[in-house]
Amino acid sequence: MTDAAVVVLTGLSQPLLGGDVADVMVEAIVGISAITFQHEWATRPVAGFALAALGAGVCALGDALSSPTHGVESVPLTRMLVEVGLSRGAYLIVRARARAADRAAAARAALRREAEVAAARRATEREHLATLHDTACATLLMVSQGDGQDWSWLPLRATRDLEALSAMPGFGTESIDLSVLLGCVPEGEGQAGVHVKLLVNGPLAIPSGPGLAIFKGVREAVANVARHAGVREAELRAWTEDGVIVVELSDAGRGFTPESVPARRRGISASIVGRMNAVGGSVSVTSQPGAGTRVQWRWQGRPPASPAGEGARATGVPGPPGARARRTAVVRFIRGQLLHGAQLAALVISLVAQFSISLRQLTVHQDVYEPAWAQTAAFICLAAVAATGGACLLRGRRIPPGVRGWSVGAVLTVSATGALTLPPERLTGPEDWVFGLIGWHALLLLADLRVRVLAAFLGAHVGFNVLTMFLLGSPTAAESTAMGIATISICGFQFSVGVLLMHLLDDAAPAAGSAAVREEELRTRERIHDGMQHDHRERYRALTATTVPLLAGLGHGVLSPHDDDVRLRCGVEAARMRRLFAESDAVSDPLLNELRACVEVAEHQGVTVSLAIRGRQKEVPVEVRRKLIDPVAVVLGHTRSTARVTVVWARRAVRVSVVGQDCAGGCRTGEPVRAHGRATAGKVTLAGAARGGSVWVEAIWEAPAASGADLP
């Protein structure tokens, strides 16, 4: 109601103000109001158009009341309605580009989110495998290989292993004191213990992620000293060096050659090096036979960052990396889309205004121009500038700097031509089609530059007209006033649109980009948390069938490590875990790699295993590999002396068989195959036989023809 009242009072004030100059001023005020209504009432276009129509009506009525003998001039009213339509069209174009930017940014964010969630889940899977290696697998291997020793340490260790496997991965980002954490490194019990001499220059503040990675790596390194070094003493040092936290564990044991360690041995590669690499640190292992071993962890502190971005990664939390770079990219993308929409809007305004209002002015007043051909050439030149800029925009490209340079020069030339080929007293009048059109071409060309560049351009444009008026003529007070009103109402309005556009690009776009990145980070962290919970439940569920009961029984004393059957079960489960670890290896033949992992466990238990391969290797799905290898792990786990494993690659089938000699009791050839995951492409069938202490089992997979998994 207030807007309507102001428009009505302004339009009807013409009889009180009187004179042509007052009419021009009132028309300018009402016209600008009608144009801005389209943005103030953008969500209610009917109200915006109604206010514009009301403004045009009261302006015409005021004009008629102030000059009854002249009647109502239709040209200013027509121009006002055209400008209102252009204003609404410009709003719709910019809004469409903004919505397109939102959709595209959301689609890109969804793709990034899926990639980051997958990376985080892979990272937690690697951490799970490393934890499984350090806890359950190591414990079960020791039980399967040992007898007649002191097992007093086993219940406590099995209980701790269960706690480690059941612990849910968290998002802790707090800082901890590494020196305190290193003081809690377990040294082992009895004959398996290692005395660790601790030399720490603390406190050492470190994010919990890298701190826990170092702690777990040191724990595994101490366990390696107990198993392989042949000594019972080690030295653990920690200090800071130029902002880098350094932790070093050294021993004077028998040493080894790091390059000779097989890839399937994961104590160093996964539990020590892999953990540290995952949190952005590094590990170096230095050792020689007879010269001891030194393992050094290094972590470079990072500046504070977004909790869900780089800072989250630095703390070991599996969150989306590169938040600052992502924000910059999103802001740049949104800004580019808004700029493209604003330039398209300026292009539409320029073309419509030029070929409707300006073309009529040019054709009607040909007799006024001196010479007329110069004005016509200027009109064609402006049309060429708009066409050149439009060709770039419609192809989704920005206007090249070179094209923009000559285009700006051409527009300024048109401004000077328009001012010099009109009588000075006609400038900014009905005959001057150039004055009000130049600014929209300037917005088209200069929208992505600083606002002072647009101000300089409009200042030069107005300066040409002012100099022409005062140097080539003697303007009256009314003509000077009309020039001032036109400058403020037209060029001032165009400049304010440019300022609004700069605000949109420099303030609104960064705010929208920051909000989009924050929302993406929250959604990503939520997805990562949900995925981690789901994966943790699935992994623990997979362990509840065999591993968890074994650890629980050993921890509560229900199962005895002196029992031969318990040791056999532990050996089988350790072999299955080793096969699981081998799934993550990047090798050319995953099936043989996983088979060798099971064979190594049997060889550590004193079994002599021969491996024969027939045919050429083919690709086998991971779920099928699990079903093919699991019977082999069971038989090898029960074998006491020798075993033979054979792999035969046929055209459309894979056969994996094992013959175990001197098998212990409890090995059943028909034992069901354990496999986790999705349904496999094809069925694995088992066949087996037992005679005396010998057991033969064969697993066969036939690739279905419909799947296209041909094995030529």
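Please read these numbers as outputs of a predicted model, since none were measured by experiment. Both backbone and side-chain heavy atoms feed into the values below; hydrogens, waters and symmetry mates do not.
- Considering only heavy atoms from C-beta on, Pro475 stays 4.5 Å or farther from Met483 through its side chain.
- Between Gln366 and Ala372, the closest heavy-atom pair is OE1-CB, 3.3 Å.
- Across every non-hydrogen atom of Ala442 and Leu454, the tightest pair is CB-CD1, 3.9 Å.
- Summarising the geometry, atom CD1 belonging to Ile349 is positioned 11.5 Å from atom NE2 belonging to His441; distances are rounded to the nearest 0.5 Å.
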Exercise for the section: Check the pair Val330 / Arg108 against side chain to side chain contact (heavy atoms under 4.5 Å, CB included), numbers first and verdict last. Expected result: CA-CA 9 Å; Val330 172; Arg108 293 183 178 184; over 6 Å; no

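- In this structure a side-chain-to-backbone donor-acceptor pair under 3.5 Å is present from Thr363 to Arg360.
- One finds the CE atom of Met502 at 9.0 Å from the CZ atom of Arg450 (value rounded to the nearest 0.5 Å).
- Annotation for Ala342 and Leu501: closest pair CB-CD1, 3.2 Å, computed over non-hydrogen atoms.
- Here the CE-CZ distance, from Met276 to Arg298, works out to 10.5 Å after rounding to the nearest 0.5 Å.
- With hydrogens and angles ignored, the 3.5 Å screen pairs a side-chain donor or acceptor of Thr124 with a backbone N or O of Arg121.
- Here the shortest heavy-atom pairing between Val94 and Ala345 reads CG2-CB, 4.3 Å.
- Proximity of a side-chain donor or acceptor of His340 to a complementary backbone N or O of Leu393 within less than 3.5 Å is detected.
- Side-chain atoms of His503 never come within 3.5 Å of backbone atoms of Ala508 as a donor-acceptor pair (strictly under, hydrogens ignored).
- The shortest distance between side-chain heavy atoms of Thr388 and Trp406 falls below 4.5 Å.
- Counting only distance, with no hydrogens or angles, the side chain of Ser496 and the backbone of Phe493 share a donor-acceptor pair below 3.5 Å.
- Going from atom CD1 of Ile357 over to atom CG of Leu362 covers 14.0 Å, rounded to the nearest 0.5 Å.
- In terms of modelled atom types and a separation under 3.5 Å, the side chain of Glu431 and the main chain of Tyr369 share no donor-acceptor contact.
- To the nearest 0.5 Å, atoms CZ (Arg113) and CZ (Arg523) are separated by 6.0 Å.
- To the nearest 0.5 Å, atoms CG (Leu443) and CG (Leu458) are separated by 7.5 Å.
- Between Phe333 and Ala101, the shortest heavy-atom distance links the atoms CE2-O, 3.5 Å.
- With no hydrogens or angles considered, no side-chain donor-acceptor pair links Trp440 and Gln354 at under 3.5 Å.
- The environment of Arg395 atom CZ is dense: over 12 non-hydrogen atoms of other residues, nucleotides or ligands sit within 6.0 angstrom.
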